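So that the names make sense, note that chain A is the first sequence line, chain B the second, and so on, each numbered from 1. All values below come from the heavy atoms of this structure, side chains included, with hydrogens, waters and symmetry mates left out. What you see is a predicted model, and the numbers here were worked out from it, not measured in a lab.
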There are 2 protein chains.
Amino acid sequence: MAAQRGEGDGVVTRPGETGTEAPADVRERARAIPEAAVARLAVYLRVLSGMVEQGVTTISSEELAGAAGVNSAKLRKDLSYIGSYGTRGVGYDVEVLVSHIERILGLTRKHSVAVVGIGNLGHALANYGGFPSRGFPVAALFDIDPDLTGVPVGGIPVNHIDDITTVCAEREVSIGVIATPPQAAQAVCDRLVSAGVQCILNFAPVVLQVPDYVEVRKVDLAVEMQILSFHVARRADEAAGDVVNGIGVDGVVIRP
Amino acid sequence: MAAQRGEGDGVVTRPGETGTEAPADVRERARAIPEAAVARLAVYLRVLSGMVEQGVTTISSEELAGAAGVNSAKLRKDLSYIGSYGTRGVGYDVEVLVSHIERILGLTRKHSVAVVGIGNLGHALANYGGFPSRGFPVAALFDIDPDLTGVPVGGIPVNHIDDITTVCAEREVSIGVIATPPQAAQAVCDRLVSAGVQCILNFAPVVLQVPDYVEVRKVDLAVEMQILSFHVARRADEAAGDVVNGIGVDGVVIRP
DNA sequence: TTCTGTGAATGCGTTCACAGCC
DNA sequence: GGCTGTGAACGCATTCACAGAA
């Protein structure tokens, strides 16, 4: 399989296409895109951005799919949700695709981010270069520790969490990132919500209770580890159990 | 995610192979649990652990579902995948449930973890208390920076990435965590794989190419943010566009 | 009666396979 | 010939709804 060396972050070149609001047909489409496809579009976008930097101008569904780790039928289906921007017999124009995906993902607007909880993870997030360069400027940091208040992290001074509501409203934060200990997460979440934040990325291992109109995405390390653990166990069991179809041996199981 | 599930096969399970391994019926079940359910089981487990600490001994599907943020039918279905451990008319015994979920998730074994890339995120991971306490001892740390080599982080000395293969094999690492910059990720991944690591948690924004028998889970901050961005955009569009069903107004859109 | 456990029905996402255009 | 775009088929996951145990 062609090992496209996927470049990571990079400046997204956005041709023309200034801050227009979405026209009716885009609006229509966005409604219909499956959640799973949205996640993949973001991946395609990154791969494509890497292509732009390498000077690639055209790409086939097969190539792009390979680089993104999906099969080509799925890729074409995903792209078809956002419109028909390919050329039969040829492939897709990389820049065209980039700009359309960006538009669908709403990346033509800036989305200010607030990070709450400036521990190890919060530091990592505040310093994460991938955010600002991709249209997600970190506009505010919060922590409960008064000693941190005012100290700049990644160039932004830390505020006290008591000020979440006012500061977030002031700076028009649209995405809140919760990187606090679990005990604090729900309270922080409530404050974010009352500041008008409608999208939350939650790193705390808690199930947040929010109003219906708030979108929460969870990143749960323990859960990820446990899913992996499950697979380890399943494999060990399969190996220990009977050989079913064409299964390898000596610890390395082939074909689940 | 490359794992395909094999389909209907008359799997013959043999009793009593290696003594400490899961018994035949557990093995049988594990094979059949949908991936999505596995992720939720991990969540139920955490909620239940909290219950144990609070001294709760029995819980109904309704309560547990509420605490885990799912509906009760789904919860019961998920639990049914691992067996029938409830009491009709009463509910589930919390401790019984905990131990069965732990068994299914393979948490009765230790899974040694190696973290590669000791930047901000790597530090956060190395210090993350949730790992060791839940059966995921961090057994090794790696970085490319020679200045870091030998320096202990979270109590564990950092090794140079050139030693990944030997050290991981030595310490029987079963889960590798990649927290490097994107450019380094694939090379690191290859080394982990050649050290026998079959499960990888990848924080680098790259699509890793791995053999089929390796399980990769990806945590991609940029993708998460972009999914949220999509929702912000969709909402703004809905608000700007027509009122479709029973959608609220004045900036607060109801029903995602 | 209460609440679990589960077949059956439904919905969603993925894959297939080919029509349509270059 | 090559490659996209997409209806149709398929399989997996969720939800329904009720039978059955305490």
Side-chain angles (χ1 to χ4, degrees), chain A residues 2 25 29 31-44 48 56-94 96-97 100-101 104 227 230 256, chain B residues 1-9 25 28-44 48 56-94 96-97 100-101 104 227 230 256:
Chain A
D25 65 318
R29 288 216 148 89
R31 203 185 308 273
I33 305 178
E35 182 87 10
V38 172
R40 287 190 299 266
L41 284 170
V43 175
Y44 305 153
L48 288 167
V56 178
T57 59
T58 295
I59 193 168
S60 72
S61 65
E62 201 72 49
E63 291 172 293
L64 180 50
V70 302
N71 70 49
S72 65
K74 192 186 281 184
L75 176 116
R76 287 200 303 278
K77 183 63 115 183
D78 288 344
L79 292 183
S80 81
Y81 292 128
I82 68 174
S84 304
Y85 303 114
T87 308
R88 292 169 197 236
V90 179
Y92 300 89
D93 181 285
V94 175
V96 168
L97 221 43
H100 283 293
I101 296 177
I104 288 286
I227 294 170
F230 171 80
Chain B
M1 250 171 281
Q4 293 283 60
R5 172 131 344 106
E7 88 236 25
D9 42 42
D25 64 319
E28 184 74 13
R29 288 217 148 91
R31 202 186 308 274
I33 304 178
E35 182 87 11
V38 172
R40 287 190 299 266
L41 284 171
V43 174
Y44 306 152
L48 287 166
V56 179
T57 59
T58 295
I59 193 168
S60 72
S61 64
E62 202 72 49
E63 293 171 291
L64 180 50
V70 302
N71 71 50
S72 65
K74 192 186 281 184
L75 175 117
R76 288 200 302 278
K77 184 61 116 185
D78 287 344
L79 292 183
S80 81
Y81 292 128
I82 68 173
S84 304
Y85 303 114
T87 308
R88 294 172 196 234
V90 179
Y92 300 89
D93 180 285
V94 175
V96 168
L97 220 43
H100 283 293
I101 295 177
I104 289 286
I227 294 170
F230 171 79

Return a single string for nucleotides 16-22 of chain D, one symbol per nucleotide in 5' to 3' order, where B is base contact, S is sugar-phosphate-only contact and - is none, cutoff 4.0 angstrom on heavy atoms. -B-BBBS
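For K77(B), the side-chain contact (heavy atoms from CB on, under 4.5 Å) test picks out S80(B), Y81(B), with sequence neighbours left out. For A67(B), the side-chain contact (heavy atoms from CB on, under 4.5 Å) criterion is met by V47(B), M51(B), not counting sequence neighbours. Among residues two or more places apart in sequence or in another chain, the side-chain contact (heavy atoms from CB on, under 4.5 Å) test is passed with S61(A) by S72(A), L75(A), R76(A), Y92(A). Residues meeting the side-chain contact (heavy atoms from CB on, under 4.5 Å) test with T87(B), sequence neighbours left out: V90(B).
Overall, the helix from dT1(C)-dA22(D) to dC22(C)-dG1(D) carries an axis bend of 0° between its ends, with five pairs at each end and the value rounded to 10°.
For the pair L41(B) CG and dA13(D) C1', the interatomic distance rounds to 14 Å; values are reported in whole Å. Put simply, CG on L97(A) is 11 Å from P on dT4(D), counting in whole angstrom units. L75(B) has its CG atom 12 Å from the C1' atom of dG5(C), to the nearest Å. In this entry the distance linking CD of E35(B) with P of dG13(C) reads 17 Å, nearest Å. As a whole-Å value, the separation of D78(B) CG from dT14(D) C1' is 10 Å. Atom OH in Y85(A) sits roughly 16 Å away from atom C1' in dT6(D) (whole-Å rounding). What separates NZ of K74(B) from C1' of dC12(D) is a distance of 13 Å, to the nearest Å. Note: CD1 (I33(A)) to C1' (dT14(C)) measures 16 Å, nearest angstrom.
Ranked by how close their nearest DNA chain D nucleotide is to the 5' end, L79(A) and R40(B) are led by L79(A).
For the atom pair CG of N71(B) and CD of E62(B), the computed distance is 8.5 Å after rounding to the nearest 0.5 Å. The line from CD1 of I33(A) to CD1 of I104(A) is 4.5 Å long, rounded to the nearest 0.5 Å.
Closest non-hydrogen pair, I101(B) versus I82(B), comes out as CG1-CD1, 3.9 Å. Residues L48(B) and V94(B) share a closest heavy-atom pair of O-CG1, 3.7 Å.
Residue S84(A) has its side chain nearest to dT6(D) when only dT6(C), dT14(D), dT6(D) are considered.
Look at Y92(B) and you'll find a side-chain N or O under 4.0 angstrom from OP1 or OP2 of dG5(C). A sub-4.0 Å separation between OP1 or OP2 of dC3(C) and a side-chain N or O of S60(B) is absent.
For the 3.5 Å distance criterion, the side chains of D78(A) and Y44(A) qualify, holding a donor opposite an acceptor.
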